[in-house]
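Reading through the structure tokens given below for one structure.
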Number of protein chains: 2
Amino acid sequence: MFIYFWVFNKNMGISERKEREKEEQRERILSAAKILFLEKGVEKTSIRNIADQIEYSPGSIYHYFKDKNEIFHALHQGGFQQLMSRMEVLTAVPNPMERLKRMGAIYVDFALENPDMYDLMFIKEAPMDHVFNSNDEQWKEGFGTFNFLRSTIQECIQEGYFRGHEEEALSFLVWSTVHGMVSLHIRRRCEVILAQRQSTIVKDGLHEFFSILDRLSS
Amino acid sequence: MFIYFWVFNKNMGISERKEREKEEQRERILSAAKILFLEKGVEKTSIRNIADQIEYSPGSIYHYFKDKNEIFHALHQGGFQQLMSRMEVLTAVPNPMERLKRMGAIYVDFALENPDMYDLMFIKEAPMDHVFNSNDEQWKEGFGTFNFLRSTIQECIQEGYFRGHEEEALSFLVWSTVHGMVSLHIRRRCEVILAQRQSTIVKDGLHEFFSILDRLSS
DNA sequence: TTTTATTTTAAACAGTGTTCATTTATTTTT
DNA sequence: AAAAATAAATGAACACTGTTTAAAATAAAA
């Protein structure tokens, strides 16, 4: 009886360590992939590149991830956690219209500070196939940040703003507006057209948006 | 003297035919590439795929185009001509605010009817490298459609709309709004979030946008 | 007809994602 | 401690990619 218990303990200790080591290796692959993905882009980063970076064999990576897309996807999820945590400060802003504006600013800041991660999350086409085939809670729960936007706009409507507007479509419009600005910037569609002010155009556009919101309030 | 003239004529006739045939072959490559690019995407279409489609050798394509990017770019330019020609009807709309709204509708329609071409023009990252290195008049002239938007908004301001707004940043904001909606749709970021109305959400969003414009007018 | 120029081709190069039999290392059982 | 079982890591192989290039085929000119 005593011996069985000891064996049981021993097994558990080892399997726990094993699992920990496996998790560490997974993390090592992920952080190498992140560096390379954000540096050279997803398409131009090969499994061999990632393997080289951590002095590993290409084949071994397939022990930790089903395919290249799964690596992409893991990073994708991390990005949403980052963005969500930035939004947390907004719970302290009681006025919904003020909250809406600050939300836009946080969103734009996140995109401008992490353009490659934003690209990964909202522009690239690769991840979405995976999202549909997997049980990605981040999306299945409905992209928490978007729901937060919706509830904020709902509150705005309740307080008398946006009279006559439909909440869902308006939320989509607001999301589209900020997404449009940052994605045109990230995918370099402003550089030729607005060359002389490409560094400020997104923030300037955002302020035009804010002043439109102010106008709608009064 | 007569002979020289005949020889001259003969040469010209042949070189003209040659040039015509070369142009035809170029066009054949281009239309095969267009079908495949829009069907499977640029990245997943190989030079060999294009060559197979027109019963040609992969290497020969490099006699007509420097590289894969140049094929992409040729199609890219064609897309702008399409969009611009759609915009021509707007010259018959005298009221600038009405023109602005119709412009948005044409832009969105074009994007929804030609999602892959739109993707090529405004979302994909591949072409921009080429735009900077080449003398792409389409962009060097400043993307005619955007200038048309700017002048329309300028007229709106002159007629008293958008008081207190800055023309350039506002134009960027308006462009971003329509681009944001169609690009979120094309890159399938609405499907999970707004599953039950994904077929109408872009048009609904556009109407919300119109009603905001109406509100700003009064 | 011979020379010259052009077009086309297939093979080759260095790279890709992914699979898999084999080797290596570790853990468990005897 | 030795043997068996399990797990992890590997490198070669497969079928693909974009691109280059020497050779072959074709057409034009002399």
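Within every chain, numbering begins at 1; the chains are lettered A, B, ... in the order of the sequence lines, protein sequences first and strands thereafter. The figures that follow rest on heavy atoms only: side chains count, while hydrogens, waters and symmetry mates do not.
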For B/Ile212 and A/His165, run side chain to side chain contact (heavy atoms under 4.5 Å, CB included): C-alpha distance rounded to whole Å, both residues' side-chain angles, the deciding distance at 0.1 Å, then the answer.
CA-CA 9 Å; B/Ile212 286 176; A/His165 286 275; 3.5 Å; yes
Using whole Å, what does the distance between atom [atom2] of nucleotide [N] and atom [atom1] of [X] come to?
X: B/Arg26; N: C/dT8; atom1: CZ; atom2: P; result: 14 Å
X: B/Ile61; N: D/dT20; atom1: CD1; atom2: C1'; result: 14 Å
X: B/Glu24; N: C/dT7; atom1: CD; atom2: P; result: 14 Å
X: B/Arg28; N: C/dT8; atom1: CZ; atom2: C1'; result: 14 Å
X: B/Asp52; N: C/dT8; atom1: CG; atom2: P; result: 16 Å
X: A/Ile47; N: D/dT10; atom1: CD1; atom2: P; result: 15 Å
X: B/Glu43; N: C/dT16; atom1: CD; atom2: C1'; result: 12 Å
X: A/Lys40; N: C/dT16; atom1: NZ; atom2: C1'; result: 11 Å

Closer than 4.0 angstrom, basic N to acidic O: yes or no for A/Lys40 and A/Asp116?
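Looking at A/Asp116 together with A/Lys40, the answer is no, because their closest N to O distance does not fall below 4.0 Å.
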OP1 or OP2 of [N] sitting under 4.0 Å from any side-chain N/O of [X]?
X: B/Ser60; N: C/dT8; value: no
X: A/Asn49; N: C/dT16; value: yes
X: A/Tyr62; N: D/dA9; value: no

Across the strands shown, which category fits B/Ser46 at heavy-atom distances under 4.0 angstrom: base, sugar-phosphate, nothing?
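Sugar-phosphate, no base atom in range.
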Just call it for A/Phe65: base, sugar-phosphate, or nothing, with non-hydrogen atoms closer than 4.0 Å on any strand.
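Nothing, no heavy atom under 4.0 Å.
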Answer yes or no: are there more than 12 heavy-atom neighbours, outside A/Glu55 itself, under 6.0 Å from its atom CD?
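It does not: A/Glu55 CD has 12 such atoms or fewer within range.
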Assess whether atom NZ of A/Lys68 is packed by more than 12 heavy atoms of other residues, nucleotides or ligands within 6.0 Å.
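Yes, enclosed.
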Among C/dT18, D/dA8, D/dT10, which nucleotide has an atom closest to any side-chain atom of A/Ser57?
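Selected nucleotide: D/dT10.
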On DNA chain C, does the nearest nucleotide to B/Gly59 precede the nearest nucleotide to A/Lys68 from the 5' side, or the other way round? Give the residue.
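The answer here is B/Gly59.
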Begin from the C-alpha positions of A/Phe37 and A/Ile71 and carry the test side chain to side chain contact (heavy atoms under 4.5 Å, CB included) through to its verdict.
CA-CA 10 Å; A/Phe37 279 5; A/Ile71 302 174; 4.3 Å; yes
Can you check whether any acceptor in the base of D/dA7 is under 3.5 Å from a donor in the side chain of A/His63, or vice versa?
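No pair found.
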Any donor-acceptor pair, under 3.5 Å, between the side chain of A/Arg48 and the base of C/dG15, if you only look at N and O atoms?
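Such a pair does not exist between side chain and base.
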